[in-house]
Q: 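Below is a structure I'd like to ask you about.
Since the model is a prediction, treat every value here as computed from it, not as a measurement.
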Amino acid sequence: MLKEILNNYYQAIELYEDKKKIIEHSIAANEVWLKALEKEPTKQQELAEYYFTLFEKKNLTKVSEHIALSMLNKKNCQLTNKQTNLFEQYRKLGIGKTAPNINFNQKNQGDLKDLKNLKNAYKLVVFGASWCPNCQTDYPSLIGKYKRLKKIHDLEVVYISIDTDKNTFEAYYKEAPFITFCDTKG
């Protein structure tokens, strides 16, 4: 029942046209249920995983990050390995952090085996998907800026898709002038 109430509340929040207000009110709502469920860690963890994923799909990454860091910082929380890995991505891949080495296991990448092997001065790792509305807007813009950025800043872009269908991935990203990668695991 709590999940249903929260779903309705979050849907009402989305009626705001201002993304900052949506984020602000969603984080405030998260604080309430995270605190209310402190004595029910199993339920808290279940809702945290559910809403973390939901907000990511809605491109409300600040809200997902809030849930992730709140859960990781709890002392009495016993997260599953899946939940820990899910939430840890925000600590590891935050803006300004050094990306971990990413291994590429695809035949069409030539000699490129991992992120470390790129010799460019700068590497921009972008995560997206062909089905993501914001990615569909940002991807063409990235293509347009890529040549200039590569020349001026010795920048290489590695676009990592979370698509789960190989044919969809290959069709959507076939014109990419930069490195694309997808393991089809989502």
Side-chain angles (χ1 to χ4, degrees), residues 1-103 115 123-139 141-142 157-165 168-169 181-186:
M1 181 151 142
L2 178 59
K3 192 189 272 186
E4 188 177 324
I5 293 168
L6 287 171
N7 282 341
N8 290 334
Y9 182 74
Y10 288 126
Q11 283 179 342
I13 290 172
E14 288 178 24
L15 295 175
Y16 284 116
E17 302 222 356
D18 181 356
K19 190 169 182 177
K20 280 185 177 182
K21 280 191 176 200
I22 294 170
I23 292 168
E24 180 184 311
H25 286 277
S26 296
I27 289 174
N30 291 347
E31 286 290 337
V32 171
W33 64 259
L34 283 165
K35 180 141 181 71
L37 293 175
E38 281 181 346
K39 291 187 168 78
E40 296 180 62
T42 304
K43 184 72 172 170
Q44 185 186 55
Q45 290 165 214
E46 176 190 315
L47 284 177
E49 183 177 346
Y50 173 80
Y51 285 113
F52 173 89
T53 304
L54 178 76
F55 289 124
E56 270 199 330
K57 287 180 181 173
K58 293 178 182 241
N59 201 33
L60 293 169
T61 53
K62 291 253 185 242
V63 183
S64 289
E65 178 181 34
H66 172 261
I67 292 170
L69 297 178
S70 294
M71 294 304 292
L72 290 169
N73 291 330
K74 291 199 175 300
K75 290 177 178 58
N76 67 339
C77 194
Q78 301 210 338
L79 298 171
T80 65
N81 286 339
K82 177 186 171 200
Q83 290 167 333
T84 300
N85 291 336
L86 184 69
F87 298 150
E88 276 292 348
Q89 66 187 327
Y90 276 96
R91 257 205 284 243
K92 292 178 183 174
L93 296 176
I95 294 171
K97 302 274 185 181
T98 300
N101 192 33
I102 299 170
N103 295 312
L115 194 59
K123 304 163 195 171
L124 174 63
V125 180
V126 179
F127 294 87
S130 63
W131 48 262
C132 167
N134 288 345
C135 302
Q136 291 170 355
T137 302
D138 295 344
Y139 176 70
S141 175
L142 184 59
V157 172
V158 178
Y159 194 98
I160 300 176
S161 173
I162 58 171
D163 281 286
T164 54
D165 181 84
T168 302
F169 163 75
F181 174 75
C182 181
D183 63 7
T184 66
K185 294 179 184 177

Q: Do M71 and T84 have side chains that get closer than 4.5 Å, going by heavy atoms?
A: no

Q: Checking E40 now: which residues fulfil salt bridge (charged side-chain N to carboxylate O under 4.0 Å, His left out) with it, not counting sequence neighbours?
A: none

Q: Output the distance between atom CH2 (W33) and atom NZ (K3), rounded to the nearest 0.5 Å.
A: 10.5 Å

Q: Can I160 and V125 be said to form a side chain to side chain contact (heavy atoms under 4.5 Å, CB included), step by step?
A: CA-CA 7 Å; I160 300 176; V125 180; 3.8 Å; yes

Q: Determine whether the side chains of N134 and Y139 contain a donor N or O and an acceptor N or O closer than 3.5 Å.
A: no

Q: How many angstroms lie between atom OH of Y159 and atom CZ of F181, to the nearest 0.5 angstrom?
A: 14.5 Å

Q: Between SG of C132 and CD1 of I162, what distance do you get to the nearest 0.5 Å?
A: 7.5 Å

Q: Using the side-chain contact (heavy atoms from CB on, under 4.5 Å) rule, pick out the option among T164, D183, D163 that qualifies with F169.
A: D163

Q: Atom CG in L2, atom CD in E46: separation rounded to 0.5 Å?
A: 10.0 Å

Q: Would you check, one step at a time, whether the test side chain to side chain contact (heavy atoms under 4.5 Å, CB included) holds for L72 with L79?
A: CA-CA 8 Å; L72 290 169; L79 298 171; 4.0 Å; yes

Q: Would Q83 and F52 count as a side chain to side chain contact (heavy atoms under 4.5 Å, CB included) if you check the C-alpha gap in whole Å, the side-chain angles of each, and the deciding distance to 0.1 Å?
A: CA-CA 10 Å; Q83 290 167 333; F52 173 89; over 6 Å; no

Q: Going by the rule salt bridge (charged side-chain N to carboxylate O under 4.0 Å, His left out), which residues pair with E49 if we only count those two or more places apart in sequence or in a different chain?
A: K82

Q: Does K123 have more than 12 heavy atoms from other residues, nucleotides or ligands lying within 6.0 Å of its NZ?
A: yes

Q: Supply the atom-to-atom distance K58 NZ to S64 OG, rounded to the nearest 0.5 angstrom.
A: 11.0 Å

Q: What pairs of donor and acceptor atoms, side-chain ones from residues 18-29 against any protein atom, are under 3.5 angstrom apart with sequence neighbours left out?
A:
| from | atom 1 | to | atom 2 | distance (Å) |
| --- | --- | --- | --- | --- |
| D18 | OD1 | K20 | N | 3.0 |
| K19 | NZ | N59 | O | 3.1 |
| S26 | OG | I22 | O | 2.8 |

Q: Count the heavy atoms of every other residue, nucleotide or ligand shown that sit under 6.0 Å from CG of N8, and state whether that count exceeds 12.
A: yes

Q: Any side-chain heavy atom of T61 sitting closer than 4.5 Å to one from F55?
A: no

Q: Evaluate N30 against K35 for side chain to side chain contact (heavy atoms under 4.5 Å, CB included), listing each step before the verdict.
A: CA-CA 8 Å; N30 291 347; K35 180 141 181 71; over 6 Å; no

